[in-house]
Amino acid sequence: MQDLRTIILAAGKGTRMKSSIPKVLHEVCGKPIIQYVLDIVKSIGSLKTYVVLGHKSSLVKKYLPQDKIVIEQKQLLGTADAVKCAANYFRTYSGNVLVLCGDTPLLNKNVIRSILRKHKRSKAICTFLTAIVHDPQGYGRIIREDAQKVVAIREDKDAVGFERDIAEINVGVYCFKSKELFKTIKEVHPNKKKKEYYLTDIIELFFSKGYKIETVETEDSVEGLGVNSREHLALAENIIRHKILKKIMSQGVTVIDPHTTYIDSNVKIGKDTTIRPFTYIEKNVRIGERCIIGPFARIRLDTRIGNNVDIGNFTEISRSKMGSNCFMKHFSYLGDSLVGSHVNIGAGMVTANFDGKQKHTSRIADYAFIGSNSTLISPVKIGKKAVVGAGSVVTGGKIVPDGRVVMGVPAKIVAKKEEK
Ligand code: UD1
Ligand code: CA
């Protein structure tokens with residue numbers, strides 16, 4: 001959209017999280033909450049994105065992509081104050097401004113697009129997102145005149161009598177005409193109880209000026225969830241997890257038990273792979289086609305697995321690459337390793353990849369056979385078609401040549417492997 005800029009409000013303390021890290025950096029399915037909001041903004045074609053930071057801003061700043069413009073809110077005086085902090089950047093701008101909260105990971109891009117469309121079509125001064133929820137506690141309630149025109153948003157702490165029962169709530173996504181927003185926001189007074197400047201009070205001011213206000217309702221009320229507490233965090237995790245699983249299944253992957261399968265965001269799994277119960281797959285993992293993963297497997301971040309691979313119970317693979325047609329069926333740990341194809345990793349093999357100071361990489365070439373209960377003290381190289389005997393300890397720095405057999409503690413070359 002040519003005339004659209006975005007402000008993301010993310011300066012708040014997140015007091016209810018009771019955390020030492022900023023709320024928006026808490027992860028949901030391996031991805032920080034604010035990244036969900038940034039992804040939405042990216043998908044709608046906003047020209048510039050301003051992120052208002054305050055509490056522990058340097059931590060969030062470090063995380064944000066370079067192209068985002070960071071605005072510091074020096075004192076956390078509320079959401080209206082946060083928007084006001086951006087005013088200088090908007091002095092000569094007369095397009096539309098989308099204002100989002102950094103704590104809403106479940107937003108749907110289609111609903112944001114429909115806000116923008118309605119805002120343009122209706123020529124409203126403000127179009128904002130509402131949701132009908134079972135439990136409106138904690139949210140701003142939408143006050144309508146004769147159940148139609150929006151008159152105001154009443155914050156939870158100020159809602160009295162019938163207002164408390166209003167199920168239509170403010171999600172915290174607004175599209176404003178920039179000029180009117182920055183003019184009227186100066187008129188917002190601090191809230192009497194909390195002494196904060198509420199962005200939501202601008203709605204009543206717009207109404208009193210006779211400005212047009214429009215709303216769009218979410219397709220699914222859960223999209224409006226703002227993460228304010230650990231309980232909300234778990235709820236968001238649960239919802240996004242099931243969305244991820246649904247998508248993966250729609251791409252031809254069998255998930256035997258979605259209730260005990262945990263797959264982070266940004267995981268790709270090939271067709272006809274089966275994920276057995278109690279499996280955890282972390283972010284940025286790629287798994288090929290026709291694999292069997294689990295039960296009780298943990299595939300950790302940045303791992304790559306080829307096709308036709310069988311990863312069985314009580315196994316962990318971390319930051320490793322494994323080619324196709326490999327087996328690692330029981331009780332093994334593979335960390336920071338590069339494994340070729342047709343490799344068999346016996347029960348109980350462990351890569352000792354951390355020397356107490358740093359991690360080291362091991363390589364296991366094609367057709368190697370790693371015996372049960374063996375330890376590879378990284379860095380080691382196991383050659384093509386080489387065999388590591390059961391119970392061996394291959395000490396750090398060792399290179400096992402192609403086709404050779406090593407055995408013992410420490411492992412020594414014992415014979416040439418017979419060609420079959
Ligand atoms: C806010 C809305 C409420 C809405 C709810 C939806 C206000 C006053 N209330 O309430 O109507 O139903 O979101 O989730 O806006 N922030 C700043 N600076 C501040 C204060 C907050 O940047 O000084 C940021 C926070 O980091 C957060 C967002 O604004 O991302 C919303 O603040 P939060 O405290 O979570 O507001 P809610 O009480 O949830
Ligand atoms: Ca919130």
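Indexing begins at 1, ligand by ligand and atom by atom, following the structure's order. A quick note: this is a predicted structure, and the numbers were derived from the prediction, not measured.
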*Tell me which protein heavy atom sits closest to atom 23 (O) of ligand 1, plus the residue, atom name and distance to 0.1 Å.*
G78 N, 2.8 Å
*Can you tell which of K157, Q73, K194 gets a heavy atom nearest to atom 18 (N) of ligand 1?*
Q73
*Looking only at protein heavy atoms, identify the closest one to atom 13 (O) of ligand 1 and say how far it is in Å.*
C101 SG, 4.6 Å
*Geometric cation-pi criterion K84 and Y197, 6.0 Å radius, 45° cone*: yes
*Spell out, as yes or no, whether a donor-acceptor pair under 3.5 Å connects the side chain of S57 to the backbone of H55.*
no
*Starting from atom 30 (O) of ligand 1, which protein heavy atom do you reach first, and at what distance in Å?*
L9 O, 2.8 Å
*How are the rings of Y174 and F128 set to each other: parallel, tilted or perpendicular (split at 30° and 60°)?*
tilted
*Verify whether one side chain among H119 and T127 offers a donor that lies under 3.5 Å from an acceptor in the other.*
yes
_Taking a cutoff of less than 4.0 Å between a non-hydrogen atom of the residue and any ligand atom, is V171 in contact with ligand 1?_
yes
_Listed partners of K118 passing salt bridge (charged side-chain N to carboxylate O under 4.0 Å, His left out), at least two apart_ = E214
*State whether F182 and R91 meet the cation-pi test: NZ (Lys) or CZ (Arg) under 6.0 Å from the six-membered ring centroid, and within 45° of the perpendicular axis.*
no
*Row check, Y50 ring normal vs R5 NZ/CZ: under 6.0 Å, within 45°*: no
_Which of the numbered atoms in ligand 1 are under 4.0 angstrom from any heavy atom belonging to A82?_
17 (C), 18 (N), 22 (O)
*asked:* Testing the 3.5 Å rule here: is there a donor-acceptor pair between the side chains of D158 and N191?
replied: yes
*How many protein atoms of type N/O/S are positioned less than 3.0 Å from the Ca ion (ligand 2)?*
2
*Does T79, backbone or side chain, put an N or O under 3.5 Å from an N or O of ligand 1?*
yes
*Identify whether the distance between the nearest side-chain nitrogen and carboxylate oxygen of K209 and E187 falls below 4.0 Å.*
yes
*Could you go step by step and tell me if E282 and R300 meet the salt bridge (charged side-chain N to carboxylate O under 4.0 Å, His left out) rule?*
CA-CA 5 Å; E282 293 182 7; R300 303 196 54 194; 3.3 Å; yes
*Given N170, D103, I202, which has its nearest heavy atom closest to atom 35 (O) of ligand 1?*
D103
_Could you identify the single nearest non-hydrogen protein atom to atom 16 (N) of ligand 1 and state the distance to 0.1 Å?_
G12 N, 3.7 Å
*To which protein heavy atom is atom 22 (O) of ligand 1 closest, and what is the distance rounded to 0.1 Å?*
A11 N, 2.9 Å
*Under a 4.0 Å N-O cut-off, is there an ion pair linking E155 with K193?*
no
*Kindly confirm or rule out an N or O of Y139 lying under 3.5 angstrom from an N or O of ligand 1.*
no
_Are any of the N/O atoms on G140, whether in the backbone or the side chain, positioned under 3.5 angstrom from an N/O atom of ligand 1?_
yes
_Between D336 and K359 (salt bridge meaning N to carboxylate O under 4.0 Å), is one present in this structure?_
no
*Would K31 and D39 pass as an ion pair if we require N to O under 4.0 Å?*
yes
*What protein heavy atom is closest to atom 34 (O) of ligand 1, reported as residue, atom name and distance in Å?*
R16 NH2, 4.0 Å
_Between ligand 1 and I169, can you find any atom pair, the residue atom being a heavy atom, that is separated by under 4.0 Å?_
no
*Tell me which protein heavy atom sits closest to atom 1 (C) of ligand 1, plus the residue, atom name and distance to 0.1 Å.*
E155 OE1, 4.7 Å
*R319 with D302: basic N within carboxylate O range, under 4.0 Å*: no
*asked:* For H259 and H242, I'd like to know if the aromatic rings sit close, meaning centre-to-centre distance below 6.0 Å.
replied: yes
*Would you say K23 contacts ligand 1, with heavy atoms under 4.0 Å as the rule?*
yes
*Give the numbers and elements of all ligand 1 atoms closer than 4.0 Å to a heavy atom of L76.*
23 (O)
*asked:* Closer than 4.0 Å and a protein heavy atom, does any atom meet both conditions relative to atom 3 (C) of ligand 1?
replied: yes
*Of all the heavy atoms in G102, does at least one lie under 4.0 Å from an atom in ligand 1?*
yes
